[in-house]
Amino acid sequence: MAPKRVVVLLSGKGSNFSALIADARASCAAGIGQDRYEIVAAVSNRVEAGGLALAEQAGIAAHTISHKNFASREDFDAALRDLVAAFDPDLVVLAGFMRVLTPTFVDAFAGRMLNIHPSLLPAFPGLHTHAHAIAAGCKFAGCTVHFVTSVLDHGPIVAQACVPITVDDTESTLAAKVLIEEHRILPQAVRDFCAGRLVVAGLRVHVNSRL
Ligand code: GRF
């Protein structure tokens, strides 16, 4: 079977994207594994996103589509949908993509789009998750990979990892600790999806480790 085709959407420095590039290569180097995947394109809504340079270095098609050039959220989402669909993806991964997506985009890739979010959902959807976790007195923080639905940072949870919050943690030290876990669970979730190991029932996802 051919490697699965993955399109990555990003807005920032692209460290999660970098982890996926390395893992995609490793998945294919392993030979005949069912979880092989290739990243066929990276798409950013910000021209200054560091992830675009990473794509070029890795020989991956890189595109920028700025939301600022569209009159409405729906118009942007329709153009983004058409751009992504042209790559015929098996899976779309939001790896630090900092735009709220409407059904115009989400419905086109329902059941085949994953997001990495830097909190233990359903706690702290949205922005500034680490500051919120510290302010709330949480003893643990973490990250979540979930299927994307039209509800922001909602959708069936595929994987989570947690880290302890220590008394001297700041927003940035906590973010750094959580990011290490993001780089671990996102590639694993992508492999599980590509191998057909994810069984979704309502909001619950079972990882069928026998496949
Ligand atoms: C990550 O923490 C991601 O979860 C969040 O934004 C950050 C992006 O980091 N949405 P990077 O661009 O992958 O380095």
Side-chain angles (χ1 to χ4, degrees), residues 6-26 37 39 41-58 60 62-67 80 84 91-101 105-106 109 113-136 138 140-165 169-193:
V6 176
V7 172
V8 176
L9 271 56
L10 52 86
S11 306
K13 64 184 187 298
S15 68
N16 277 293
F17 177 47
S18 188
L20 288 171
I21 292 172
D23 190 63
R25 286 193 183 131
Y37 68 100
I39 301 172
V43 179
S44 172
N45 63 317
R46 289 190 183 141
V47 70
E48 67 274 20
L52 291 168
L54 293 175
E56 276 155 26
Q57 284 160 21
I60 295 169
H63 290 266
T64 303
I65 176 167
S66 175
H67 54 275
L80 181 66
V84 171
L91 176 66
V92 177
V93 178
L94 309 184
F97 186 69
M98 306 304 281
R99 287 284 297 172
V100 173
L101 292 164
F105 184 85
V106 173
F109 305 104
M113 179 155 49
L114 297 175
N115 179 45
I116 178 81
H117 181 74
S119 81
L120 293 171
L121 291 172
F124 311 125
L127 299 174
H128 308 299
T129 55
H130 307 302
H132 288 311
I134 292 169
C138 296
F140 290 91
C143 49
T144 302
V145 179
H146 65 95
F147 281 99
V148 176
T149 67
S150 296
V151 184
L152 180 67
D153 297 330
H154 193 75
I157 290 173
V158 176
Q160 291 186 306
C162 64
V163 301
I165 300 177
D169 264 326
T170 63
E171 189 174 356
S172 63
T173 62
L174 183 55
K177 287 196 288 192
V178 171
L179 205 49
I180 291 169
E181 297 302 311
E182 293 183 39
H183 298 164
R184 185 174 64 78
I185 68 169
L186 181 59
Q188 183 61 58
V190 169
R191 284 209 191 203
D192 286 338
F193 178 91

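Just so it is clear, the structure is predicted and the values come from calculations on it, not from any experiment. Order of listing sets the numbers, starting from 1, for every ligand and every atom in it. One is the number of the first residue; the rest follow in order along the sequence.
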Quiz prompt | Under 3.5 Å: donor-acceptor pair, side chain of S119, backbone of F124 | solution =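 Checking the backbone N and O of F124 against the side chain of S119, a donor-acceptor pair under 3.5 Å is found.
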Quiz prompt | Expected output: side-chain T170 to main-chain T173 donor-acceptor under 3.5 Å | solution =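 Yes, the answer is positive, given that a donor and an acceptor are paired below the 3.5 Å cut-off.
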Self-check item: Residues forming a ring pair (Phe, Tyr, Trp, His ring centres under 6.0 Å) with F109, sequence neighbours excluded
Solution: F105
Quiz prompt | Residues forming a side-chain hydrogen bond (donor to acceptor under 3.5 Å, both in side chains) with Q160, sequence neighbours excluded | solution = T144
Exercise. Applying side-chain hydrogen bond (donor to acceptor under 3.5 Å, both in side chains), name anything that partners S15, two or more places apart in sequence or on another chain.
Key: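 Residues passing side-chain hydrogen bond (donor to acceptor under 3.5 Å, both in side chains) with S15: H183.
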For ligand 1, list all ligand N or O to protein N or O distances below 3.5 Å, rounded to 0.1 Å.
unit_1   : atom_1 : unit_2 : atom_2 : d
ligand 1 : 2 (O)  : E182   : OE1    : 3.2
ligand 1 : 2 (O)  : E182   : OE2    : 2.9
ligand 1 : 4 (O)  : E182   : OE1    : 2.7
ligand 1 : 12 (O) : K13    : N      : 3.4
ligand 1 : 12 (O) : G14    : N      : 2.9
ligand 1 : 13 (O) : S15    : N      : 3.3
ligand 1 : 13 (O) : N16    : N      : 2.9
ligand 1 : 13 (O) : N16    : ND2    : 3.0
ligand 1 : 14 (O) : K13    : NZ     : 3.2
ligand 1 : 14 (O) : S15    : N      : 2.8
ligand 1 : 14 (O) : S15    : OG     : 2.5

Practice problem: Evaluate the side-chain proximity of F147 to L114: yes if any heavy-atom separation is below 4.5 Å, no if none is. | Solution: yes
